[in-house]
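First comes the structure, then the notes that go with it.
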Amino acid sequence: MSSYLDNLNDVQKQAVLQKEGAMIIIAGAGSGKTRVLTYRIANLMKQGVDAFNILALTFTNKAAREMKNRIATIVGESEAKNLWMGTFHSVFARILRSEADKLGFPKNFTIYDTQDSVKLLGSIIKELELDTDRYKAKQVLNRISQFKNSLITVKAYDNNPELQEADRQASRPKMGEIYKNYVDRCFKAGCMDFDDLLLRTNQLLSQFPEVLNKYQNKFRYILVDEYQDTNHSQYLIVKALSDRFQNICVVGDDSQSIYAFRGANINNILNFQRDFDEVKIFKLEQNYRSTNNIVQAANSVIKNNRSKLDKDIWTANVGGDKVKIMHTTTDGEEGRFVARTIFDIMMQKQAKNTDFAVLYRTNAQSRSLEDALRKQGVDYRIYGGLSFYQRKEVKDVLSYLRLLINPKDEEALKRVINYPPRGIGQTTIEKLIVAANQYNRPIYTILENLEKVNIGLNSGTQTKLQNFITMMQSFQIFSENNNAFDTADHIVKQVHILADLDKDSTPEGISRIENIQELLNGIKDFIDKQTEEDLDTSLTSFLEDVALATDFDNDKKDNKENVSLMTIHSAKGLEFPYVFIVGLEENLFPSAMSMNTRAELEEERRLFYVAITRAEKAAYLSLARTRFRWGKLVDAEPSRFLEELDENYIEVLAKPRQKNEGNLFDDFESPNTERQWQTPKNAIRYKKVTTQAPPKPRPLVVPKNLKKIAENLSPNTNLFDTKLTVGNSVEHARFGIGKVVSLEGAGPNIKAEINFEKEGNKKLLLKFAKLKIIG
DNA sequence: CCACTTCCATTTTTT
DNA sequence: ATGGAAGTGG
């Protein structure tokens, strides 16, 4: 029966066959992790475990889908269909959907994306008449996200002088008030944001024992992929669900943890052995993906990180090409180098577009690459960035649909109440919000009862509002008798969105119309697919899918083969024969925002490690000495990561040149560009230099914005590195001098009990407490 | 209330 | 450079 096991090495096989208990699979890059997970689940099922009792949490929905398909080939489609597989967010959104009433949410709750959350926070900040420079909606959202991911509710915040003090120090004393308002408003709107999907799940499991019991019994075998990137909230969910049967298998690689910025807690993986009894450990250390030069180059970089699990990634693969490094003068030149090299490799090695990926640190870097690829005639596709569903015109249509299933959805209402323009202005909307807050009802309810409230609207405006409501009600009725596609189509026609967009005959305007068409097609596809698999075809389920979809999840139908352009973060879990990593410059990669602590810098280094290890056959690194940023030319120094690469595995294509030495690709601007490139003369351009230029002493750059951000962050982030221990004397801004009595918790959640001379014993969350070690 | 203009920040990464 | 927000005149 176990022919499928023959493809596995010893450790992989052990990991697959270990059926019960807690286990951790430390899976180095390219070590066949997905294969192990797939076979492991298949094996469980072959051994008689019911698919309904297996929960597998992945990092993207696409990963879940692919894994499911692979499992289906082993155990059969009908069985594989019953597996619960998906991202934390989508799996628990589904569970919340059926249990929402217990938490006071409607079953049809809608999901706020980041845009919605930021907008809501913007209006709250305005309503509270706070300084919008101090209180930047986006930053406030980040802070609230931190709270939620650490399970700090509004109440917990109110009881936590430390947090309040930290916010006061960051000149945001009203943070608690904003937080409370935000949570209230989301609740009243029947909406959950991304973090709520996890936080509310935790609430559900902790406050309702019968619910916990139900899902503990259901999910007897739990698997978590990319465990290194789970946050505290996710960790608690996993812990709670697996508590009964303790059949928990987590897979991850601490060296690939790159999501600390959104609360991922690397200690979840580092401390796994502490959290469960008798943990079995499997280390997958053989890399099957990359050539030896790539594996060793990657190893030489990551070894500079202090905090990591002990492992030794090796490969039996041949050496292959060395990792190539290209110094260029400008970002434009860098783009042309990438485009040209891709073109050359395609010609010489008969490679396809899909064999290539260009990875960058920030989305903004894609522009110069796009220009160059377009000129070179290389088809490409950008992943990530603004997703399809976030485009204005698409979101407008989606907002109508959202409002239909959840009339309380405030952000959706605000979007469509005057779009297309129907004479309902800002003033009117503000009056409505005020009324809604006064009566403690959703705006929609106010609208339905306009005649009963007097909020100072003139009769003309009242009629317009009335018409809007009547229209929405008619849509409501329509949707009850028609499917999601017909409803959406009906709405698009009735509100004349296309007519509005038609006024704009620019290419952008035309593409907007196409986007709406594509959205409608998307809904149709969704219904077809769901029907085929006998799943929910409702509007609600479509909207949920959309809210949690990533760019990778909706496969474009154009059958063109494309070079992939994406951020390194997006590239996690993917692999390509040829990988280009661009912008290896100080302040860009590592990012200027991530150089104030060792922890941050180490995350950047892991990011670099992830980038290199995406490559199978060849990796090209490039940098530019000047680059357009913020519309200005900015000078740049080579990234420190380049110096960390072991020179045995690299090859420098063009040595660093001073700016005034002229542009390597200057002739590229000339009309004969193409021909110039074919001439052998160009060969010397790839001049090999055996020694790298002596590294210049790096000027100590402290960007201006760094200071500001440092002030906003808790100033003691680096405390994690200085290792506070029991017995240390510390000084606290408010409580004065004290001694550390004990430490508990892990990572960002370490709490210290401190005996203060004046204030007595206090437990402080190190993350937020402002402590200075004085002895 | 709307259309047009000017101004401003934006660039770290994403479910 | 660019797109969104805020301000201004009709």
(request) Specify whether A/Phe92 and A/Phe88 have parallel, tilted or perpendicular ring planes, treating 30° as the upper limit for parallel and 60° as the lower limit for perpendicular. (result)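 Ring orientation of A/Phe92 relative to A/Phe88: tilted.
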I want to verify a distance call: between [options], whose nearest atom is closest to the [X] side chain?
{"X": "A/Arg367", "options": "B/dC2, B/dC1, C/dT2", "result": "C/dT2"}
{"X": "A/Ser591", "options": "B/dT11, B/dT12, B/dT14", "result": "B/dT12"}
{"X": "A/Pro421", "options": "B/dT14, B/dC2, B/dT15", "result": "B/dC2"}
{"X": "A/Arg361", "options": "B/dT11, B/dT14, B/dT12", "result": "B/dT12"}
{"X": "A/Lys126", "options": "C/dA6, B/dT12, B/dT13", "result": "C/dA6"}

(message) Here's a test of your reading of the structure: between A/Ser90 and A/Gly423, which maps to the more 5' nucleotide of DNA chain B?
(response)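 Checking each residue's closest nucleotide, the 5'-ward one belongs to A/Gly423.
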(message) Go nucleotide by nucleotide along DNA chain B from the 5' end; which of A/Glu603 and A/Thr461 gets its closest nucleotide reached first?
(response)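 On the 5' side of the pair lies A/Thr461.
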Between atom [atom1] in [X] and atom [atom2] in [N], what is the gap in whole Å?
{"X": "A/Lys136", "N": "B/dA9", "atom1": "NZ", "atom2": "P", "answer": "7 Å"}
{"X": "A/Glu430", "N": "B/dC1", "atom1": "CD", "atom2": "P", "answer": "10 Å"}
{"X": "A/Leu432", "N": "B/dC1", "atom1": "CG", "atom2": "C1'", "answer": "15 Å"}
{"X": "A/Glu586", "N": "B/dT12", "atom1": "CD", "atom2": "P", "answer": "16 Å"}
{"X": "A/Lys138", "N": "B/dT13", "atom1": "NZ", "atom2": "C1'", "answer": "11 Å"}
{"X": "A/Asn142", "N": "B/dT12", "atom1": "CG", "atom2": "P", "answer": "11 Å"}
{"X": "A/Glu604", "N": "B/dT11", "atom1": "CD", "atom2": "P", "answer": "16 Å"}
{"X": "A/Asn587", "N": "B/dT11", "atom1": "CG", "atom2": "P", "answer": "17 Å"}

(message) Nearest 0.5 Å, please: how far is CZ in A/Phe608 from CD in A/Glu603?
(response)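 Nearest 0.5 Å value for the CD-CZ distance: 15.5 Å.
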(request) To the nearest 0.5 Å, tell me how far A/Ser570 OG sits from A/Ile382 CD1. (result)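 Going from OG on A/Ser570 over to CD1 on A/Ile382, the span is 11.0 Å.
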(message) Heavy-atom count check: over 12 atoms from other residues, nucleotides or ligands less than 6.0 Å from A/Arg374 CZ?
(response)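 Above 12, so yes.
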Hey, is the side chain of [X] poking within less than 4.0 Å of OP1 or OP2 on [N], counting only N and O atoms?
{"X": "A/Asn418", "N": "B/dC2", "result": "yes"}
{"X": "A/Thr427", "N": "B/dC1", "result": "yes"}
{"X": "A/Asn363", "N": "B/dT12", "result": "no"}
{"X": "A/Ser570", "N": "B/dT14", "result": "yes"}
{"X": "A/Thr428", "N": "B/dC1", "result": "yes"}

(request) State whether the aromatic ring of A/Phe88 stacks on the base of B/dT15, taking stacking to mean ring centres under 5.5 Å apart and ring planes under 30° to each other. (result)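 Base of B/dT15: not stacked against A/Phe88.
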(message) Using a strict threshold of under 4.0 Å (side-chain N to carboxylate O), is an ion pair present between A/Glu411 and A/Arg415?
(response)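 So A/Arg415 does not pair with A/Glu411 through a salt bridge.
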(message) Please determine whether any donor N or O and acceptor N or O are separated by less than 3.5 Å between the side chain of A/Thr114 and the base of B/dT15.
(response)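 Checked by distance alone, the answer is yes.
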(message) So does A/Ala636 get a backbone contact from the side chain of A/Arg625, meaning a donor-acceptor N/O pair under 3.5 Å?
(response)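 Such a contact is found between A/Arg625 side chain and A/Ala636 backbone.
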